[in-house]
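Both ligands and their constituent atoms are indexed starting at 1 by order of listing. What you see below is based on every heavy atom in this structure, not just the backbone, and it leaves out hydrogens, waters and symmetry mates.
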Amino acid sequence: MKVVIDIGGSIFASPINVDYIKRFSEFLIELNREGYKLMVVVGGGKKAKEYISTARALGGEPDFLDEIGIAITRVNAMLLIAALGDRANSWVPTRLEDASPGERILVMGGTRPGQTTDTVAAELASRHGAELLLVASNVDGVYTRDPRIDPEARFIPELSTKELLDLASERGHEPGFRGVIDPKAAKIIHASKIKTAFVNGADIENMEKAVKGMDFKGTLVTPGG
Ligand code: UTP
């Protein structure tokens, strides 16, 4: 079974959480041993936001700000590769064309401006026919609004890919911004009918349940209108 994991940089690199990276890598190695083909896309977290806002203040153009974010996602991917050793690719692929799942766990970051790593993860899932896209962030799942900002936000346990697309489309892309999911990623998820689970990446046992099709805490997105 092919699984793509989109892990937000805020989970393990803001500040860098060595213990978490170790536990997450052990989880990936165990799944890999059990036969899962894994593709992991690592986000930029607070570090990306800090670099992007600094470069913006210095007058950087939007595409250039995105390139800075991409660089940070790749550095974060390298931390995970350091923990996985020869279980992963030894260098971070910069293009989708150079990234495919095999015996090793594929680990990468961003690819091009105008999107986030959510899109890279959705593209990988679509290209390689993944049975599941697991989106892990520091939020428990999908809410009507950002629960970190809005106390009125309501949790949504289940929704269709079309409903996800409608939620994501309420806002466009801005360097360093994360809504529920990047709208480009939501389009791919809907068009390619990708089953998607949103979970809090801090709870690794819960992520395992989501991967293995058991009841999990989070939001399940199923293909449909
Ligand atoms: P992230 O994927 O981490 O963005 O990329 P995010 O979703 O806002 O942050 P997390 O998931 O909470 O950590 C960081 C930034 O890098 C640029 C964008 O500016 C993005 O906001 N980026 C990333 C790209 O331009 N292209 C990519 O393929 C990936």
Side-chain angles (χ1 to χ4, degrees), residues 4-17 20-21 24 39-80 92-99 106-127 133-143 145-149 153 164 167-189 196-202 207 218-219:
V4 175
I5 303 180
D6 176 13
I7 179 106
S10 48
I11 288 293
F12 73 63
S14 301
I16 294 172
N17 186 338
Y20 181 82
I21 300 173
F24 182 58
M39 295 164 264
V40 185
V41 186
V42 184
K46 269 205 203 109
K47 194 53 91 189
K49 290 184 177 65
E50 186 188 334
Y51 272 72
I52 287 170
S53 59
T54 306
R56 184 186 282 121
L58 292 168
E61 297 292 334
D63 274 8
F64 189 69
L65 303 181
D66 278 341
E67 292 290 357
I68 293 176
I70 292 168
I72 304 287
T73 64
R74 291 180 182 157
V75 173
N76 284 342
M78 289 166 87
L79 291 180
L80 184 57
V92 180
T94 56
R95 307 179 321 150
L96 280 183
E97 294 77 5
D98 302 328
L106 169 71
V107 181
M108 67 186 294
T111 53
R112 57 179 182 277
Q115 60 184 41
T116 72
T117 44
D118 298 340
T119 298
V120 179
E123 284 174 329
L124 278 177
S126 168
R127 256 178 116 91
L133 167 58
L134 184 68
V135 182
S137 71
N138 59 1
V139 177
D140 291 344
V142 178
Y143 286 77
R145 289 149 194 264
D146 188 339
R148 293 166 296 193
I149 302 166
L164 179 71
L167 263 182
S169 305
E170 285 171 14
R171 265 190 95 160
H173 175 78
E174 282 169 34
F177 169 77
R178 182 192 176 101
V180 52
I181 193 166
D182 174 345
K184 261 173 109 173
K187 264 190 208 136
I188 298 166
I189 289 171
T196 305
F198 286 80
V199 293
N200 192 325
M207 281 206 275
T219 299

Would you mind listing which atoms of ligand 1 come within a distance below 4.0 Å of any non-hydrogen atom of [X]?
X: G45; value: 3 (O), 13 (O)
X: G43; value: 3 (O)
X: G9; value: 13 (O)
X: T73; value: 5 (O)
X: K49; value: 8 (O), 9 (O), 12 (O)
X: G110; value: 27 (C), 28 (O), 29 (C)
X: V120; value: 28 (O)

Given [options], which one has a non-hydrogen atom that is nearest to [atom]?
atom: atom 16 (O) of ligand 1; options: P62, G109, G69; result: G69
atom: atom 14 (C) of ligand 1; options: G8, A48, A136; result: A48
atom: atom 22 (N) of ligand 1; options: Q115, K46, R112; result: Q115

Got a donor-acceptor contact below 3.5 angstrom from the [X] side chain to the [Y] backbone?
X: T119; Y: Q115; value: no
X: Y51; Y: L65; value: no
X: T73; Y: G44; value: no

Task: Heavy-atom pair of closest approach, residues V120 and G109 - done: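 Shortest heavy-atom separation between V120 and G109 comes out as CG1-O, 3.7 Å.
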With respect to [X], determine whether any N or O atom, backbone or side chain, lies less than 3.5 Å from an N or O atom of ligand 1.
X: E67; result: no
X: D118; result: no
X: I52; result: no

- [ ] May I ask whether G114 has any heavy atom positioned less than 4.0 angstrom from an atom of ligand 1?
- [x]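 Per 4.0 Å heavy-atom rule, G114 contacts ligand 1.
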With heavy-atom distances below 4.5 Å as the criterion, would you say the side chains of [X] and [Y] are in contact?
X: T117; Y: D6; answer: yes
X: N200; Y: S137; answer: no
X: V199; Y: V135; answer: no
X: M108; Y: V42; answer: no
X: L164; Y: I181; answer: yes

Open item on the list: I need the contact type for D182 against ligand 1. Using non-hydrogen atoms and a strict under-4.0 Å cut-off, is it side chain, backbone, both or neither?
Closed with: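 For D182, there is no contact with ligand 1 at all, from either part.
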- [ ] May I ask you to identify, for I72, whether its side chain, its backbone, both or neither come under 4.0 Å of ligand 1 on a heavy-atom basis?
- [x]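 No part of I72 is near ligand 1 at this cut-off.
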TODO: Output yes when R56 and E61 qualify as a salt bridge under the 4.0 Å nitrogen-oxygen rule, no when they do not.
DONE: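 No, this pair does not count.
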